[in-house]
There are 2 protein chains.
Amino acid sequence: MTPEPYDTTPEPYDMAPEPYDRAAVRRPASIKDVAAAAGVSATTVSHVLSGNRPVNEHTAARVRSVVNRLGYVPASLARSLQAGATSVIGLLIPDISNTFFAELAKGAEDAAHDLGYGLILCNTEFDADREDRYLGMIRSRFIDGMVYASGSAPSRRRLEALMGKFPIALADEEVEGLEGALIATADHEAGGRLVGEHLRALGHRRALMLTGPRALKSSNARANGFVRAFRGEVVERVGDFKETSGHGLVTDLLQDGGLPGGCTAVFAANDLMAFGALTALRQAGLSVPEDISVVGFDDIRAASLAHPPLTTVHQPAYDVGRTATAQLLQYVTRGEVPPASRHTLPVELKVRGSTAPAAR
Amino acid sequence: MTPEPYDTTPEPYDMAPEPYDRAAVRRPASIKDVAAAAGVSATTVSHVLSGNRPVNEHTAARVRSVVNRLGYVPASLARSLQAGATSVIGLLIPDISNTFFAELAKGAEDAAHDLGYGLILCNTEFDADREDRYLGMIRSRFIDGMVYASGSAPSRRRLEALMGKFPIALADEEVEGLEGALIATADHEAGGRLVGEHLRALGHRRALMLTGPRALKSSNARANGFVRAFRGEVVERVGDFKETSGHGLVTDLLQDGGLPGGCTAVFAANDLMAFGALTALRQAGLSVPEDISVVGFDDIRAASLAHPPLTTVHQPAYDVGRTATAQLLQYVTRGEVPPASRHTLPVELKVRGSTAPAAR
DNA sequence: ATGGTTGTGCAAAACGTTTTGGATATCTAG
DNA sequence: CTAGATATCCAAAACGTTTTGCACAACCAT
């Protein structure tokens with residue numbers, strides 16, 4: 001029986017809309033005030049409100065009336081202290097303004113809300129100090145658990161030390177060597193495979209692949225899946241998931257005498273880099289998809305709005321967040337590790353206007 | 001002197017990376033355990049850690065060593081209970097996956113983090129019950145304040161009742177009749193005005209305006225500013241800020257025999273509707289900006305990536321979130337209402353490829 | 001010597017709940 | 001009429017901190 005994290009009794013509507021009066025903030029009523037005013041003990045008030053033990057209906061009615069009159073709302077802090085849990089968890093991500101993480105956050109928030117949990121947003125901006133600071137919240141037991149969706153390498157060891165002692169679930173990015181952990185991630189490898197098959201079916205035999213940072217398992221999985229399924233010649237260039245990176249890599253290649261080996265397609269490991277590539281190609285007078293096909297990864301909102309609409313792999317960001325959080329909470333509330341402790345969520349290829357049969 | 005919300009002492013790195021061992025969770029060390037092990041009172045431990053009163057350096061060293069050995073981290077709950085504040089605030093928004101609110105959230109998180117505050121994400125999905133539920137957090141004093149950036153009408157009265165008693169700051173959307181409130185909002189009216197001037201300067205004299213819901217002051221302000229500065233004929237249609245709405249409204253008009261009165265420009269109250277309009281126009285065989293100019297509002301990421309790149313009004317979403325939060329926290333920590341309790345933040349017109357001189 | 005300061009540490013109260021073991025009165029079954 | 005059950009409520013402990021008032025010793029200046 002987890003405690004309700006906060007009271008939901010509606011504020012009486014007919015209350016005088018007092019002017020904004022900072023000075024007159026009086027100490028909010030405590031359970032003792034209610035007890036005194038109702039002529040009962042604090043215990044009884046608690047029982048009336050929680051229904052934890054039966055109370056005489058007459059007494060209960062009196063107590064409830066006093067509760068309303070005084071506008072009493074139980075202090076959730078004291079409740080949590082007593083209960084040993086706060087009904088709040090954290091969500092640690094690098095950048096909430098990135099639509100992928102925003103979607104993930106939405107899923108996490110939904111899952112948390114479903115079980116009456118609050119969600120603290122831990123936005124790290126890829127800053128290790130900031131991340132440590134937030135991880136401190138779990139050690140001080142202010143949050144009951146953490147959904148971790150960051151990939152900053154320096155915090156890896158710190159994370160390991162925590163995972164044995166506190167409930168932590170990984171989302172989106174795996175951490176090597178943590179076998180027993182709770183993990184929810186998209187099927188990056190399958191995504192790469194789908195792209196490889198798609199381009200191959202269109203007759204492409206040579207492709208340029210713009211990868212993400214080597215340190216990220218997810219990025220590597222995309223590349224591996226692609227290379228394996230494409231069964232053609234693949235030239236790799238390492239980018240950083242930013243638009244400028246895609247633009248720069250392609251521009252450089254074009255200036256060095258065209259895409260290497262007569263590539264007819266470009267697969268970028270995320271949509272942003274794909275957009276950069278798109279712009280670079282257009283600037284060089286090439287048209288997409290007639291001359292070159294371009295594929296992205298993520299399916300961010302702009303992908304379908306762009307011109308041409310971008311063929312890309314849809315990632316279930318919402319589901320990743322939701323699943324990881326649900327797993328974490330199952331662990332936290334029931335105290336048991338959920339049966340399937342690793343979830344790999346399906347991705348989907350969205351074929352749009354940026355891919356076409358290979359030019360001959 | 002606000003309390004540190006959570007401990008930041010780094011976990012010792014050289015700790016044995018124990019296997020994931022749920023059964024062996026032992027009660028974390030409390031201040032009493034430390035006191036006993038160090039042969040001092042809990043008071044002394046507290047003083048050593050807080051520096052609140054001087055402690056003999058020899059004793060202090062001993063205490064610190066025990067703290068490390070036991071891995072003691074103060075329970076922030078107990079600390080907050082004693083302090084009467086949690087160092088956590090809430091951010092209530094309708095939809096985190098909307099890039100505008102994601103940016104706003106980022107600003108809010110930054111401001112909160114700067115002052116050592118945590119931020120609870122309250123995503124309402126425009127659901128009044130969910131909003132009430134979250135507002136309950138402030139009444140139960142689990143959070144020290146709330147940044148409110150939603151516009152759902154039914155909660156208006158409820159909000160009024162709360163604003164006199166708890167620290168609440170409004171972001172993005174004003175609430176009528178709450179004069180003393182803390183408010184940070186973009187200059188919607190100026191944004192509309194900029195668009196009006198821009199289109200007029202390009203020679204446009206008749207325009208279609210797609211507004212947002214009438215209930216939103218921000219949407220009305222955009223329309224008012226536009227109409228006043230455009231000084232031409234303006235046909236208004238009411239949309240709902242969604243892409244389908246922009247598409248539907250324009251399609252309907254086109255099927256009824258072209259844009260009314262020979263409009264040469266469309267101003268949508270947000271980018272999403274502008275994209276809808278763009279698609280509808282293209283489907284009707286009209287080209288943008290040669291035949292019709294299109295302007296949006298918000299400057300979401302997709303705006304610059306679209307084809308043609310969308311002329312739009314850049315809203316300082318990040319600053320709105322940051323400013324509102326900073327104001328709230330100034331109020332919360334210092335207990336005083338900041339000097340300027342209303343901030344109207346400047347917007348900026350981004351002229352891109354979707355506007356051109358009026359076709360004659 | 002005396003009074004005041006400084007250094008050092010402790011005990012107890014306070015924060016606001018929930019939970020547990022009784023206590024008292026009333027009822028039920030034999 | 002009595003033993004046991006039931007209904008009703010309360011006092012006290014517990015959750016883990018910080019803060020406050022005080023005690024004691026040691027030192028200083030008069």
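FYI, side chains are in, hydrogens and waters are out, and symmetry mates aren't considered; it's all heavy atoms of this structure. The chains referred to below are lettered A, B, ... by the order of the sequence lines, with proteins before strands, and numbering in each begins at 1.
Remark: A:Ser41 pairs with A:Thr43, A:Thr44 by the side chain to side chain contact (heavy atoms under 4.5 Å, CB included) rule, at least two apart or across chains. Remark: B:Ile120 engages A:Val88, A:Ile120, B:Val88, B:Cys122, B:Met137, B:Phe142, B:Ile143 in a side chain to side chain contact (heavy atoms under 4.5 Å, CB included) (not counting sequence neighbours). Evaluation of the side-chain hydrogen bond (donor to acceptor under 3.5 Å, both in side chains) rule for A:Arg141 yields no partner, not counting sequence neighbours. A:Asp144 pairs by the side-chain hydrogen bond (donor to acceptor under 3.5 Å, both in side chains) definition with A:Thr86, not counting sequence neighbours.
Non-hydrogen atoms lying under 4.0 Å from DNA chain C are contributed by A:Ile31, all within residues 31-41 of chain A. DNA chain D lies under 4.0 Å from at least one heavy atom of each of the following residues of residues 47-58 of chain A: A:Arg53, A:Val55, A:Asn56. For DNA chain D, none of the residues of residues 59-67 of chain B falls under the heavy-atom distance limit of 4.0 Å.
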B:His113/A:Arg133 under side chain to side chain contact (heavy atoms under 4.5 Å, CB included): CA gap, chis, key distance, verdict
CA-CA 10 Å; B:His113 184 265; A:Arg133 175 96 181 280; 3.2 Å; yes
Is there a side chain to side chain contact (heavy atoms under 4.5 Å, CB included) between B:Val332 and B:Tyr117 once you walk through the steps?
CA-CA 11 Å; B:Val332 168; B:Tyr117 273 71; 3.6 Å; yes
The test is side chain to side chain contact (heavy atoms under 4.5 Å, CB included); show your working for B:Leu77 and A:Leu77 and say whether it passes.
CA-CA 7 Å; B:Leu77 266 185; A:Leu77 266 185; 3.3 Å; yes
Could you give me the CA-CA distance, side-chain angles and deciding distance for B:Thr124 and B:Ile93, then say whether side chain to side chain contact (heavy atoms under 4.5 Å, CB included) is met?
CA-CA 6 Å; B:Thr124 66; B:Ile93 55 179; over 6 Å; no
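End-to-end axis angle of the helix from C:dA1-D:dT30 to C:dG30-D:dC1, from C1' rotation axes over five pairs per end: 50° (rounded to 10 degrees).
Interface limits on DNA chain C: the 5'-most and 3'-most nucleotides within less than 4.0 Å of chain B heavy atoms are C:dT8 to C:dG16.
The minimum heavy-atom distance linking A:His343 with A:Thr323 is given by the pair CG-CG2, 3.7 Å. Minimum interatomic distance between A:Pro167 and A:Ile138 (heavy atoms only, all atoms of both residues): O-CD1, 3.6 Å.
Screening residues 32-48 of chain B for salt bridge (charged side-chain N to carboxylate O under 4.0 Å, His left out), with sequence neighbours left out, gives B:Arg27-B:Asp33. Residue pairs that meet the salt bridge (charged side-chain N to carboxylate O under 4.0 Å, His left out) test with at least one member in residues 55-64 of chain B, sequence neighbours left out, are B:Glu57-B:Arg64.
Mapping B:Thr43 and B:Ala78 onto DNA chain D via the closest heavy atom, the residue that lands nearer the 5' end is B:Ala78. Where B:Gln82 and B:Ala42 meet DNA chain C, the nucleotide closest to each residue was compared, and B:Ala42 sits on the side nearer the 5' end.
There is a side-chain donor-acceptor pair under 3.5 Å between A:Glu131 and A:Tyr148.
Each of A:Val40, A:Val48, A:Val45 was evaluated against A:Val55; a single residue qualifies, A:Val48, per the side chain to side chain contact (heavy atoms under 4.5 Å, CB included) test.
A salt bridge links A:Lys106 and B:Asp95; the closest N-O separation between the charged side-chain nitrogens and carboxylate oxygens is under 4.0 Å.
Between the A:Arg139 side chain and the B:Val73 main chain, no donor and acceptor come within less than 3.5 Å of each other. With B:Ser76 contributing its side chain and A:Ser140 its backbone, the two residues share a donor-acceptor pair below 3.5 Å. Between the side chain of A:Glu109 and the backbone N or O of B:Asn123, at least one donor-acceptor pair lies under 3.5 Å.
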Collect all protein-nucleotide pairs involving nucleotides 23-28 of chain D in which both atoms are nitrogen or oxygen and the distance is under 3.5 Å.
none

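A:Ser46 comes within 4.0 angstrom of a base, heavy atoms only.
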